[in-house]
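Accompanying notes for the structure given below.
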Amino acid sequence: EDQVTQSPEALRLQEGESSSLNCSYTVSGLRGLFWYRQDPGKGPEFLFTLYSAGEEKEKERLKATLTKKESFLHITAPKPEDSATYLCAVQDGGGSQGNLIFGKGTKLSVKP
Amino acid sequence: DTAVSQTPKYLVTQMGNDKSIKCEQNLGHDTMYWYKQDSKKFLKIMFSYNNKELIINETVPNRFSPKSPDKAHLNLHINSLELGDSAVYFCASSQMPGTGGGGYTFGSGTRLTVV
């Protein structure tokens, strides 16, 4: 069964304090790994898609990397506006017909 | 112009009632989905429709029935509502499953509270 595990569940940082969020996954055949940001009371907002081990994507203070077993979302010099829940999801190339399977998320709080 | 819009945003109803949530997307996507986000913020797939045909139906009670009049709309009808149905329901859309690097586009959610 496909599984996605995110850690930590919650992370509190001071403004400017860099850190990383982890997403480990188990799928029969990875078609894609997705990172989303979710603000309170809103739907998830797409950030990145990664397709193969070694791939990296960057957007402002965020950088996502992928290995065969896990992905990291690195946050460099975060600002308070980066506070949100970050969701990881995998798309299985096997029997789930393109369904995205989500982890439970990491709630990030950045204090000024 | 909202890409994926769902109504209503909030829905409070009594146990046993029947209710519907509507979703529309203007992205020209081929596939639409309903996800349920529980109190622990865990997002789980309920249904997906590709060109008006159901292609995924996870283990959801048959009190929940998706209806897609065309590929831009996917409504969710819920019969005999129960307390455990309280959650946030998200509609999403994408190109055909497995294609497109943008993943899914989500609506802003419908918070359903059953009392």
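Letters go in sequence order (proteins before strands), and every chain restarts at 1. Computed from heavy atoms alone, side chains included, the values below leave out hydrogens, waters and symmetry copies.
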Exercise. K44(B) versus chain A, heavy atoms under 4.5 Å apart: side chain, backbone, both or neither?
Worked result: neither
Problem set entry | Segment of Q37(B) engaging chain A (4.5 angstrom heavy-atom cut-off) |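 Answer is side chain: those atoms of Q37(B) sit under 4.5 Å from chain A.
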Check whether [X] gets within reach of chain B through its side chain, its backbone, both or neither, counting any heavy atom under 4.5 Å.
| X | value |
| --- | --- |
| L50(A) | neither |
| Q38(A) | side chain |
| K42(A) | backbone |

For this session: Assert yes or no for the condition that the ring centre distance of F64(B) to F47(B) is strictly below 6.0 Å.
Result: no
Exercise. On the ring face of F48(A), is K57(A) found with NZ or CZ under 6.0 Å from the centre and within 45° of the axis?
Worked result: no
For this session: Consider only side-chain N and O atoms of H29(B) and S94(B), and report whether a donor and an acceptor are under 3.5 Å apart.
Result: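 Not at all, the side chains of H29(B) and S94(B) share no donor-acceptor pair under 3.5 Å.
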For this session: State, without any angle test, whether E70(A) and N22(A) hold a side-chain donor-acceptor pair at a distance under 3.5 Å.
Result: yes
Problem set entry | E15(A) atom CD, neighbour heavy-atom count above 12 within 6.0 Å | yes
Exercise. If you count heavy-atom pairs under 4.5 Å between each of G43(A), A89(A), G103(A), G41(A) and chain B, which one has the most?
Worked result: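 Answer, by heavy-atom pair count under 4.5 Å with chain B: G43(A).
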